[in-house]
K.L.:
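One structure follows; several queries about it will come next.
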Amino acid sequence: MLSIIHNISLKPFHTFHTEVTAEHFTQFQSVDDSKELIHLPLFKNTSHLILGGGSNILFTGNVKGLVALNKISGITILAENEKFMQVEIGAGENWHDVVLWSIEKNLGGIENLSLIPGSAGAAPIQNIGAYGVELKEVFVSAEILLTETGEIKKISKEECQFGYRDSIFKRELKNKCIILKITLALTKNPVFRLEYTALADALKSVTTHDLSLKKISDTICHIRTSKLPNPEVTGNAGSFFKNPEISQEKYQQISNDFPSVVAYNSGKGKKLAAGWLIEQCGWKGYRKGDAGVHDRQALVLVNYGKATGAEIINLALEIKDSVRKKFGIELEMEVNVID
Ligand code: FAD
Ligand code: EPU
């Protein structure tokens with residue numbers, strides 16, 4: 001039977017580490033637990049939040065209702081042929097542990113997604129991406145529990161409608177399902193993905209012979225730890241905003257006025273580095289009280305200790321305002337704000 005705790009601090013359960021409490025809190029460890037969860041009167045009659053590693057969340061205050069921590073574990077090999085291995089992963093598995101598991105088995109596809117905090121179950125929600133790779137490239141399906149009907153169903157990659165930091169779980173299925181398991185197809189013949197400039201630069205002197213999944217993963221871990229704050233030391237949720245996608249016309253106008261603008265080609269035209277936009281507005285290294293902008297990555301807002309969610313949101317709004325005024329671009333938050 002699921003045990004419920006009342007008025008518990010959520011500080012250890014999310015990476016911004018702001019001091020907030022949950023009115024009710026539980027953990028579920030299996031599919032059966034999740035079925036029990038959705039039939040609890042507390043789940044049905046109050047608001048509820050499914051929590052993974054809490055690494056893409058900002059709480060604006062104490063949480064009313066039930067917070068349910070997903071701890072469904074297990075990595076199972078479902079099928080394999082000479083090229084691929086299909087692997088089913090419990091949603092509560094730590095994502096980076098899954099990456100390390102794949103590297104140990106010499107299975108390619110997710111090594112560029114090394115050291116992204118959080119749970120495997122949350123990975124499809126924003127289609128996690130880093131260093132030139134997105135989850136959708138290896139994603140096969142997810143097993144989900146629809147919380148209103150109690151139906152358990154498989155949702156395919158196509159049905160997930162993945163986009164840049166986007167999926168159906170952020171839209172039609174938002175707050176309507178629990179992701180229980182995900183299935184990935186990992187390759188037995190890894191193709192190294194080195195197109196991301198920072199990664200290619202870091203591996204310049206490595207010969208093809210010395211290149212391996214582990215080498216790529218270690219290099220990415222090194223790059224990440226050198227520029228992103230460790231949430232266990234300084235609270236944060238990674239990039240606070242998405243990199244904005246703009247039309248070619250808008251890009252031309254900005255690059256005329258600001259020739260050093262950092263931009264990449266994207267399906268919709270150009271994607272701009274939001275960190276560059278924020279830095280140009282003078283925010284990099286800014287601090288007000290305990291809320292601040294990281295001094296090595298302006299896209300990351302930080303909690304130096306006692307910042308509140310409201311202080312971090314206010315800072316985010318000031319940043320949005322200044323980017324809108326200087327560049328005419330509306331930044332969109334990547335972090336899930338929980339009111
Ligand atoms: P949580 O923060 O716990 O939850 C996020 C949202 O998903 C919430 O709305 C929650 O209710 C919902 N949710 C969680 N689990 C489930 C479930 N099983 N079923 C239904 N809903 C659920 N992201 C990237 O894409 N690329 C990066 O490079 C990257 N780098 C980061 C670096 C740092 C230092 C940090 C702190 C974060 C970074 N992130 C990055 C963001 C974050 O790690 C990912 O978004 C991650 O997938 C979030 O997983 P989580 O388990 O912590 O989700
Ligand atoms: N830049 C600046 N100033 C800054 C930060 C960045 O000018 O303060 C410019 C630099 O030119 C730099 C470029 O922006 O070369 C890109 O920076 P970086 O490589 O750090 O990547 P990013 O675009 O800022 C994105 C993701 C990260 C992901 C990295 C690596 C988004 C919103 N963020 O950041 O994901 O790890 O690429 O692939 O797409 C996250 O989603 O939480 C996250 C950390």
Side-chain angles (χ1 to χ4, degrees), residues 9-18 20 27 49-59 67-73 75 89-103 109-136 138-139 142 164-167 169-170 179 182 184 196 198-199 216-243 274-275 292-294 296-297 299-305 307 309 312 333-338:
S9 169
L10 288 177
K11 193 172 177 177
F13 295 105
H14 71 115
T15 61
F16 254 121
H17 297 305
T18 56
V20 287
Q27 303 191 15
L49 174 79
I50 307 300
L51 191 60
S55 64
N56 206 19
I57 272 187
L58 179 67
F59 296 107
V67 173
L69 182 64
N70 188 335
K71 298 292 271 182
I72 299 175
S73 62
I75 303 183
I89 303 151
E93 286 286 343
N94 173 274
W95 174 258
H96 184 59
D97 288 347
V98 176
V99 174
L100 293 180
W101 177 92
S102 71
I103 291 169
I110 52 176
E111 60 282 359
N112 289 40
L113 304 178
S114 292
L115 215 61
I116 297 182
S119 60
I125 293 175
Q126 70 160 12
N127 177 28
I128 55 168
Y131 298 92
V133 171
E134 287 186 335
L135 180 81
K136 70 174 182 193
V138 293
F139 185 89
Y164 164 62
R165 297 295 190 272
D166 194 32
S167 75
F169 302 110
K170 292 185 87 173
I179 299 174
I182 62 169
L184 308 181
Y196 201 88
L199 179 62
I216 291 173
S217 172
D218 287 349
T219 305
I220 287 173
C221 290
H222 181 75
I223 300 173
R224 293 182 70 100
T225 45
S226 70
K227 74 173 161 200
L228 292 170
N230 175 354
E232 291 322 305
V233 179
T234 310
N236 75 91
S239 302
F240 198 89
F241 301 99
K242 295 182 190 177
N243 286 328
V293 179
H294 189 49
R296 274 170 282 149
Q297 221 316 350
L299 195 44
V300 179
L301 302 195
V302 291
N303 169 18
Y304 285 106
I312 293 164
M333 289 187 196
E334 180 195 293
V335 169
N336 298 279
V337 176
I338 312 292

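For the numbers below, each heavy atom of this structure counts, side chains included, while hydrogens, waters and symmetry mates do not.
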K.L.:
Check whether any side-chain heavy atom of Asn127 lies under 4.5 Å from a side-chain heavy atom of Tyr164, and answer yes or no.
P.N.:
no

K.L.:
Ignoring hydrogens and angles, tell me if any N or O in the side chain of His294 forms a donor-acceptor pair with the backbone of Gly238 under 3.5 Å.
P.N.:
no

K.L.:
Side chain to side chain contact (heavy atoms under 4.5 Å, CB included) for Asn243 and Leu299? Distances and angles first, verdict last.
P.N.:
CA-CA 9 Å; Asn243 286 328; Leu299 195 44; 3.7 Å; yes

K.L.:
Applying side chain to side chain contact (heavy atoms under 4.5 Å, CB included) to Val335 and Ile57, what does each step give before you reach the verdict?
P.N.:
CA-CA 6 Å; Val335 169; Ile57 272 187; 5.6 Å; no

K.L.:
Rounded to the nearest 0.5 Å, what separates atom CG in Asn230 from atom OG1 in Thr15?
P.N.:
10.0 Å

K.L.:
Can you pull out every side-chain hydrogen bond (donor to acceptor under 3.5 Å, both in side chains) where at least one residue sits in residues 111-125? Sequence neighbours excluded, please.
P.N.:
Ser114-Ser217

K.L.:
Can you find a heavy atom in the side chain of Leu58 that is under 4.5 Å from one in the side chain of Phe240?
P.N.:
yes

K.L.:
For Val98 versus Glu93, what's the shortest heavy-atom pair and its separation?
P.N.:
CG2-CB, 4.0 Å

K.L.:
Should Leu115 and Ile220 count as side-chain neighbours, where that means a heavy-atom distance under 4.5 Å?
P.N.:
no

K.L.:
Got a second to check how far Ile128's CD1 is from Leu113's CG, nearest 0.5 Å?
P.N.:
5.0 Å

K.L.:
Considering all heavy atoms of both residues, which atom of Cys221 and which atom of His96 are nearest to each other, and what is their separation?
P.N.:
SG-CE1, 4.0 Å

K.L.:
Find out whether Leu51 and Asn70 are in side-chain contact, i.e. whether some heavy atom of one side chain is under 4.5 Å from a heavy atom of the other.
P.N.:
no

K.L.:
Could you go step by step and tell me if Phe241 and Glu334 meet the side chain to side chain contact (heavy atoms under 4.5 Å, CB included) rule?
P.N.:
CA-CA 5 Å; Phe241 301 99; Glu334 180 195 293; 5.8 Å; no

K.L.:
Any donor-acceptor pair under 3.5 Å linking the side chain of Thr225 with the backbone of His222?
P.N.:
yes

K.L.:
Could you grab the distance from atom CH2 of Trp101 to atom CD1 of Ile110, nearest 0.5 Å is fine?
P.N.:
8.5 Å

K.L.:
Closest heavy-atom contact between Ile182 and Ala120?
P.N.:
CD1-O, 3.5 Å

K.L.:
Please round to the nearest 0.5 Å and tell me the distance separating atom CH2 of Trp95 and atom CG of Leu100.
P.N.:
11.0 Å

K.L.:
What I'd like to find out is whether the side chain of Tyr196 reaches to under 4.5 Å of the side chain of Ile223, using heavy atoms alone.
P.N.:
no

K.L.:
Begin from the C-alpha positions of Thr219 and Tyr131 and carry the test side chain to side chain contact (heavy atoms under 4.5 Å, CB included) through to its verdict.
P.N.:
CA-CA 11 Å; Thr219 305; Tyr131 298 92; over 6 Å; no

K.L.:
Side-chain contact test, heavy atoms from C-beta onward, threshold under 4.5 Å: evaluate it for Gln126 versus Leu135 and give yes or no.
P.N.:
no

K.L.:
Between Ile103 and Ile216, is any pair of side-chain heavy atoms under 4.5 Å apart?
P.N.:
no

K.L.:
Would you indicate whether Lys242, at its atom NZ, is surrounded by more than 12 heavy atoms from other residues, nucleotides or ligands within a distance under 6.0 Å?
P.N.:
yes

K.L.:
Ignoring hydrogens, what is the shortest heavy-atom contact between Leu184 and Phe139? Give both atom names and the distance.
P.N.:
CD2-CA, 3.9 Å

K.L.:
Taking all non-hydrogen atoms of both residues into account, name the closest pair between Thr234 and Asn303 and its distance.
P.N.:
CG2-O, 3.8 Å

K.L.:
Strictly distance-based, threshold 3.5 Å: is any side-chain N or O of Lys170 a donor or acceptor partner for the main-chain N or O of Arg165?
P.N.:
yes

K.L.:
Where do Ala142 and Ile179 come nearest, in terms of heavy atoms and distance?
P.N.:
CB-CG2, 4.4 Å

K.L.:
What is the distance from atom OG of Ser73 to atom CG of Asn94, rounded to the nearest 0.5 Å?
P.N.:
12.0 Å

K.L.:
Under 4.5 Å between any side-chain heavy atoms of His17 and Glu232, yes or no?
P.N.:
yes

K.L.:
Measuring from atom NE2 of His14 to atom OG of Ser9, what distance do you get when rounded to the nearest 0.5 angstrom?
P.N.:
7.0 Å

